[in-house]
There are 4 protein chains.
Amino acid sequence: MTIRVGVVGTGVMGADHARLFAREVRGAVLGGVADPEEERARAVAGNASVFTDPLQLIRSTDVDAVVVASPDHTHKDTVMACLEAGKPVLCEKPLAIDAAQCLEIVRKEQELGKKMVQVGFMRRFDPCYAELKSTLATGSIGIPRIVHNQHRNARAPEWFTAHMALTNSFVHEIDVTRWLLGAEFVRGHVTEAPSAGDIPKGDPLMITLETDTGAIVSTEVFMNADYGYHVHCEIAGTRGTTSMAHPALTRTRLDRAERGAFPENWIPRFADAYRIQDQSWINSLLDGTHKNEGATAWDGFVATTVAEQLVTAIDMGAPVDLTLPEHP
Amino acid sequence: MTIRVGVVGTGVMGADHARLFAREVRGAVLGGVADPEEERARAVAGNASVFTDPLQLIRSTDVDAVVVASPDHTHKDTVMACLEAGKPVLCEKPLAIDAAQCLEIVRKEQELGKKMVQVGFMRRFDPCYAELKSTLATGSIGIPRIVHNQHRNARAPEWFTAHMALTNSFVHEIDVTRWLLGAEFVRGHVTEAPSAGDIPKGDPLMITLETDTGAIVSTEVFMNADYGYHVHCEIAGTRGTTSMAHPALTRTRLDRAERGAFPENWIPRFADAYRIQDQSWINSLLDGTHKNEGATAWDGFVATTVAEQLVTAIDMGAPVDLTLPEHP
Amino acid sequence: MTIRVGVVGTGVMGADHARLFAREVRGAVLGGVADPEEERARAVAGNASVFTDPLQLIRSTDVDAVVVASPDHTHKDTVMACLEAGKPVLCEKPLAIDAAQCLEIVRKEQELGKKMVQVGFMRRFDPCYAELKSTLATGSIGIPRIVHNQHRNARAPEWFTAHMALTNSFVHEIDVTRWLLGAEFVRGHVTEAPSAGDIPKGDPLMITLETDTGAIVSTEVFMNADYGYHVHCEIAGTRGTTSMAHPALTRTRLDRAERGAFPENWIPRFADAYRIQDQSWINSLLDGTHKNEGATAWDGFVATTVAEQLVTAIDMGAPVDLTLPEHP
Amino acid sequence: MTIRVGVVGTGVMGADHARLFAREVRGAVLGGVADPEEERARAVAGNASVFTDPLQLIRSTDVDAVVVASPDHTHKDTVMACLEAGKPVLCEKPLAIDAAQCLEIVRKEQELGKKMVQVGFMRRFDPCYAELKSTLATGSIGIPRIVHNQHRNARAPEWFTAHMALTNSFVHEIDVTRWLLGAEFVRGHVTEAPSAGDIPKGDPLMITLETDTGAIVSTEVFMNADYGYHVHCEIAGTRGTTSMAHPALTRTRLDRAERGAFPENWIPRFADAYRIQDQSWINSLLDGTHKNEGATAWDGFVATTVAEQLVTAIDMGAPVDLTLPEHP
């Protein structure tokens, strides 16, 4: 059996998903792509059908399952349309632009009585994060006590704000740390740097969270770190630590220095993670379980609601208690 | 289109290829497996056909292409049977047990007038080696002057000899260094360590080769290095060097030390290489070119003839000139 | 000229200073040692005079300058006695047990109109920290925006509290970060981990400080990190980062892992720092300037008052503004 | 007691020794310096006496012990003059320009019946090499089976030849490997690279030695490695390996790469080694033993005779047996 995947949105991420389903993922083909910019859609479609209206793609009999990679504000309606059409959906993060919208999706899926939604928190499929999690599972480092994350981009657009750093970037750490620790966050504090030169206020951010398992999670989000794209995670437990190695496969020695390269952005860093995520999603559809390590709609909601509550903490300049509604 | 692959030999390597074609490689299915030990074959076959006679598998209409992973001494006849049946073949290294047999295959393929054979020197598909090669191609390290290889196994079987270290292990470095440098070897010298405790004479070996491009290639082959499986390559040029980073994705700190793990053997180290190799082979069949980065029959012959000539060097205790017949 | 140094207190640190002045530091000899436990004093004295009363040592005509390495609560009186005797003093950190006492020393020294006191914040003389500072001075990493410190001990005594972690351990980071950045702290927040197994509440601590130069300084203090003694510092600026390399000189590969060792405690980690500090102090006495990179009495006061104010922050569970009196 | 050291030769190395005895080494003062270029001598002398004739320095009553750092061809006569004057001598490597001259010194010292000569193979005092040796002594890596050395300079003068690479550079590896392993070399082979661009024939060299303890020692000497000065040593034994870590204390991340610096030349790399060597020499004179980890006249002879015999091997293009006369 082969899953015919439709991709909504053909920007950088959508084009990459389209490529993966057209060429790399086993058990899938690219069934169609949709984008209001038809030319852009056509450029990534290959032999697949092209739509300018995502609803047509979603309803098309050529499409069994849908990837949503259109702009964030369209996620909710597009995912809802998939649910109405009874088609499994892999939605790029964030699941929706606010927690209320995320919760609508959670409830809609629940009404259908079947897991239909996966959120594209691809770090769960990154071999580095997976190895951290399997090391934790062995118990060798004891009980996790403190997690340090670094989330650095070379350069953010000028219009990028500290609020967006929380709701759009830091959501990755919220999700992957919950997944690593099997924990929920109960309290959080955000410290923002003042502006410096052409770097705006709120970059970097230092976020300190506390979990219901007694761990501290400290994260630097630095969107204008300049030297490259760099994601790092270290977990210190009662017996020892585990952390990511530098991601480069090789080292070069030139001009009085040994060098290990950093990528320009997240795409090369997480190329394996995207491939494994998309394959794992297809496998979960082929085997009928619809289940894998991926984030559920509820996970997508939690990431967004925690980020929103931290926006409040930033504005208050003081720690806030973080709350979750009961899992429906 | 889908290639139905038959796997001859269901030992460790054959089983792994069978798994790859059954579950990971896009565009392929497992068409059949053959092994004189029928039970072993059945264990890896899944729904695919099972044969005890490799010739039956090769001739089967359920099989479009063949992987040879049976014992080394059977390679030549099995590959020749594939050629006679007109079926493309991916043969585990070495291509045959001696250079003369390899040359027979080279000639047979040439008579057919079509590239049909790929030799399973999977390191060419390892992302580390690939990054070394792409760094060389940029010219940043200048002209390659010296290559250092380390090829270490945790433990070799008692019956493993220095001759086998050359013809069975070091052939990997012969092939991959030729591929990296685009060079042929013109002279070689082998130094063998005397026995020490339970480690036999000839382990480690230190092999020094000279290329027709003016580079020196020095390789340690140490089959009883005890601490783990470890392959390392460094290339020093007129402007700088490039080398493999430690292969572990994460580091652990425990008991007064930071640790980066080494695998037990080559299978986890080269898991990506085998997957990419097998996918690349299938892609080359699907696109009809039968061409990719993989080793040709001629490359398989060169690796074996160089190793054989170095066996002579070991026995003489002096450097030997290395020669190749004209490429047919 | 040779400085005859008297050492007050012959515990671990005092014994080490005595050894340095007796054998390693050029331009100094060990003039005397004082300890109420005479036997312990005698064991480290060699040919130097032995006193049970520190005041006798301080007033002795055999002693030109004094190192204070007695218990913390005795620091103030001992340093004051040195000032009264007109003898330069190198006092182990903290300068005194509270900020008020430190300020008394600052004022007393000021009355004398001459720099007489150095505080033993030896990290300023550590070659790693010195290289971080010289890298900052080149401007290559731009304007410092965020500093991450890790301060990990293998094991703390049972009676060690989170308050002590601030006033006795974290004072090192307060001092060395001020020195690195040339900045003062204006605001701080402390997050303490709840108890876990046999690890008490408040270990680890996560401390987030803001400087008057617009940098964030985040520090983990983990007194029961188990795996070893480990101090790490990374500074991220607007152009790049600089950070400490793993401190081990060699790597070992054994049992499926490459290892870099961590020391048991701070003494081997900072052996060079203590030697260079003590030599630098002697040099500053020999050249009559009494000045070097070392911490002044004021620096000693600042470290203690910031730590005390953070104790308040811990107790309040919220960020506090950090204030300094005017520098007298 | 204080040793008054006279330094013969005030080039780069002599000036550095003069600085060490004038300012860093405890128990020593700079008693005098000698150089035919009086101005150069005066620049490093400070308050010490200046001589243009080394014999006058050697015989001066202001000088208790002598460092020889004049051009290589003057070593023998200068050292002999020290022996005649009954003054201990630390001679920069090589001890003399050929093995015959070295042996004269060995015999002369023997006639005096007292150890008087130390050869400046400073790597024995380098903390990295010392840690390799102490790791070997624990037995943790088992019996040493293979040693890999890399000896790379950024750039050699145009007149530097492969013969000089053996007698002037590689002598360091000959000495330090004998010291590490407690072994003598019995056979050796040298492979020289052909010329490439502006790099002459014989650079790099690959030297393979066999020891009387059954180890193989392979060394790359690359005088025009361009990227920096880099000395590396790895020892692989029957249970594991130990090797030098990258020598930089800090890492920097800039422009898409993490960097660890290499020095321009050997002076910063071995600054600690020179200081510790010179201190250790003074300590051995102060305690009257004249003994420490340093190389003896015999060690100096062995390094030079092995290098000379390898020059023969280069010229023959084949391995040679290495022999030593009986130790007088």
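Below, read A as the first sequence line, B as the second, and so on, with proteins coming before strands; counting in each chain starts at 1. Quick caveat: nothing in here was measured; it's all calculated off a predicted structure.
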Option that, when pairs with chain D are counted at under 4.5 Å, heavy atom only, ranks first among B/Gly317, B/Ala154, B/Ala193:
B/Ala193
Chain B contact via D/Ser218 - which portion, at a heavy-atom distance below 4.5 Å
side chain
Given that the side chain runs from C-beta out, which part of B/Ala196 has a heavy atom under 4.5 Å from chain D: side chain, backbone, both or neither?
both
Donor-acceptor pair, distance only, cut-off 3.5 Å: does the side chain of D/Arg239 make one with the backbone of B/Asp226?
no
Is the shortest side-chain heavy-atom distance between B/His189 and D/Thr191 below 4.5 Å?
no
Any side-chain heavy-atom pair of B/Met206 and D/Ile146 under 4.5 Å
yes
Can you say whether D/Thr208 sits under 4.5 Å from chain B via the side chain, the backbone, both, or neither, judging by heavy atoms?
side chain
So for D/Asp198, is it side chain, backbone, both, or neither that comes closer than 4.5 Å to the heavy atoms of chain B?
neither
Using non-hydrogen atoms and a 4.5 Å limit, figure out which bit of D/Ser195 sits close to chain B: side chain, backbone, both or neither.
backbone
Donor-acceptor contact present, side-chain D/Arg145 to main-chain B/Ile199, <3.5 Å
no
Which answer fits B/Gln150, side chain, backbone, both or neither, if we ask what part of it has an atom under 4.5 Å from a heavy atom of chain D?
side chain
Under a 4.0 Å threshold between the charged nitrogen and the carboxylate oxygen, would D/Arg152 count as salt-bridged to B/Glu234?
yes
